[in-house]
Amino acid sequence: MGNPTKDQIKNFYAKTTERVLDAYSKLDDKEWGKKASDHWSAKEHLAYTVGTLEEEMLPVTRAALSGEAIKLPGFETREDEPTFRRAVTERLSGLHAPELISRLRVALDEHARILDGLSEADLDRKTVNPGWDREGTVRDLFVSAYLLLVNQYQAIRRVAKKKVPHWMDGIGPERIHYHVDRLFHYMPLIFNRNRADDLNATYQFTMEGEGGGQWNMRIGEGRADTSDGAADPYDCEIKTKPALWMDLASGDLSAPVAIMTRKVKLGGNPGLAMKLSGLFGSTD
């Protein structure tokens with residue numbers, strides 16, 4: 001798909017915001033108090049979303065556009081990220097869910113207003129984020145916020161799956177493709193080079209069905225790079241459906257079970273697929 005245009009980012013960000021806020025409005029206090037992950041309740045995941053937007057993503061976006069140095073107290077390197085985000089979450093988790101939802105709406109509206117005032121050239125401006133492996137663009141900052149919303153939605157829905165559908169359900173092929181495309185192109189920014197050792201491999205990701213496609217990722221010399229389309233040659237192919245890939249990434253589906261049940265099919269060197277675990281995301 002290449003880089004998404006401003007209109008595409010704005011469109012999908014707005015639809016995501018609407019869907020998230022609508023889903024959260026349906027949950028009651030009991031559901032917000034339930035465990036949504038090994039460590040956090042649904043409300044704590046909501047607090048995490050709000051805190052990350054308010055105290056990280058909005059300040060980083062403003063600094064990137066003003067040309068100022070990014071200053072996030074307590075978050076100077078990638079190693080600081082888990083502690084910083086936990087502290088932000090703890091500060092907000094005592095608030096009631098309706099107040100957190102209100103703050104989430106305000107933060108998202110503010111981020112969207114910033115996007116409204118930007119040109120395509122502004123979106124291409126180079127910038128950094130303390131949680132990234134390397135330099136990205138302002139466009140990536142908005143994609144990061146979009147992915148945050150989706151990932152936390154998937155965590156929160158665990159407490160009320162009858163009320164909150166899977167993210168991939170009913171959104172149509174265009175939005176499914178956008179999500180998978182943005183995820184694969186964002187992954188190199190959150191690559192953990194210190195965990196890659198001497199890994200040198202080309203991966204092909206084949207997402208089958210509605211909204212799918214092919215992407216390839218080259219990992220070597222301490223960095224990862226994603227390209228559209230099939231790789232020729234590749235060392236390992238991972239073939240599945242977009243919704244199942246999302247479930248694998250979130251931990252809702254275990255890799256061994258997915259492979260055994262043929263929900264995920266591997267080609268080339270299957271051992272390389274296992275080496276992807278832990279290479280992307282938080283260093284915690």
Side-chain angles (χ1 to χ4, degrees), residues 1-4 77-82 124 126-137 139-141 143-144 146-148 150-151 154 176-208 211-260 262-284:
M1 142 177 242
N3 283 333
T77 69
R78 291 191 76 183
E79 287 68 31
D80 299 328
E81 182 180 69
D124 286 331
K126 299 294 184 181
T127 188
V128 294
N129 182 303
W132 288 351
D133 178 65
R134 63 179 193 249
E135 187 179 61
T137 65
R139 195 183 310 270
D140 293 318
L141 294 176
V143 169
S144 177
Y146 158 81
L147 291 172
L148 168 75
V150 176
N151 292 342
Q154 281 295 100
I176 291 173
H177 187 82
Y178 176 86
H179 177 83
V180 180
D181 183 74
R182 286 304 89 205
L183 178 61
F184 281 127
H185 281 281
Y186 187 73
M187 286 169 67
L189 287 178
I190 53 172
F191 178 64
N192 291 319
R193 64 178 67 210
N194 293 335
R195 296 181 181 176
D197 297 322
D198 58 352
L199 181 60
N200 191 344
T202 297
Y203 292 86
Q204 178 166 296
F205 300 95
T206 300
M207 299 291 113
E208 300 180 307
Q214 285 187 310
W215 294 261
N216 67 86
M217 183 181 294
R218 173 70 186 166
I219 298 177
E221 300 180 354
R223 65 180 281 142
D225 293 282
T226 300
S227 299
D228 294 332
D232 185 18
Y234 61 80
D235 299 296
C236 177
E237 181 182 28
I238 300 173
K239 185 183 293 185
T240 188
K241 294 180 179 179
L244 293 173
W245 180 251
M246 176 176 272
D247 292 342
L248 278 168
S250 66
D252 287 333
L253 176 65
S254 77
V257 169
I259 293 167
M260 254 190 327
R262 302 287 288 168
K263 290 180 178 179
V264 172
K265 302 169 188 175
L266 301 178
N269 182 348
L272 288 171
M274 301 302 109
K275 292 190 175 184
L276 288 175
S277 178
L279 289 186
F280 302 93
S282 171
T283 57
D284 190 14

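- Considering only heavy atoms from C-beta on, Gln204 stays 4.5 Å or farther from Ile238 through its side chain.
- Contact annotation: the side chain of Asp247 approaches that of Gln154 to within less than 4.5 Å [non-hydrogen atoms, C-beta and beyond].
- With rounding to the nearest 0.5 Å, the separation of CG in Leu266 from CD1 in Ile259 is 4.5 Å.
- Between Val180 and Pro242 the shortest heavy-atom distance is CG2-CB, 3.8 Å.
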*Could you please spell out the steps behind the side-chain contact (heavy atoms from CB on, under 4.5 Å) verdict for Leu189 and Arg134?*
CA-CA 6 Å; Leu189 287 178; Arg134 63 179 193 249; 4.2 Å; yes

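- Thr226 places none of its side-chain heavy atoms less than 4.5 Å from the side chain of Phe205.
- The distance from the CD1 atom of Ile219 to the CG atom of Asp198 is 12.5 Å, given to the nearest 0.5 Å.
- Interatomic distance, Glu81 CD to Trp132 CH2, rounded to the nearest 0.5 Å: 11.5 Å.
- Side chains of Leu199 and Leu279 form a contact here, defined as non-hydrogen atoms less than 4.5 Å apart.
- Ile190 is listed as a side-chain neighbour of Arg78, based on a closest heavy-atom distance under 4.5 Å.
- For the pair Arg193 and Asp133, the salt-bridge criterion is met [side-chain N within less than 4.0 Å of a carboxylate O].
- The side-chain heavy atoms of Tyr203 and Asp235, taken from C-beta on, include no pair separated by under 4.5 Å.
- A donor-acceptor pair shorter than 3.5 Å cannot be found between the side chains of Asp140 and His185.
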_Met207 vs Thr240, side-chain contact (heavy atoms from CB on, under 4.5 Å): CA-CA, chis, key distance, verdict_ = CA-CA 5 Å; Met207 299 291 113; Thr240 188; 3.6 Å; yes

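- The heavy-atom pair separating Leu248 from Ala258 by the smallest distance is CD2-CB, 4.1 Å.
- Judged by distance alone, with hydrogens and angles left aside, the side-chain atoms of Asn192 form a donor-acceptor pair with the main-chain N or O of Gly278 at under 3.5 Å.
- Going from atom OH of Tyr186 over to atom CG of Leu147 covers 7.0 Å, rounded to the nearest 0.5 Å.
- The six-membered or imidazole ring of Tyr178 lies near that of Tyr146, with a centre-to-centre distance under 6.0 Å.
- Pairing each heavy atom of Ala231 with each of Asn216, the nearest pair is CB-CB, 3.5 Å.
- Scanning both residues, Cys236 and Leu272, for their nearest heavy atoms gives CB-CB, 3.9 Å.
- To the nearest 0.5 angstrom, Met217 atom CE is 4.5 Å from Phe280 atom CZ.
- The structure places CG of Asn3 at 4.5 Å from CZ of Arg139, a figure rounded to the nearest 0.5 Å.
- The two atoms that bring Phe191 and Ala196 nearest to each other are CZ-CB, 3.5 Å, heavy atoms only.
- Across Pro233 and Thr202, no two heavy atoms sit closer than the pair O-CG2, 4.0 Å.
- The shortest distance between side-chain heavy atoms of Asp225 and Pro188 does not fall below 4.5 Å.
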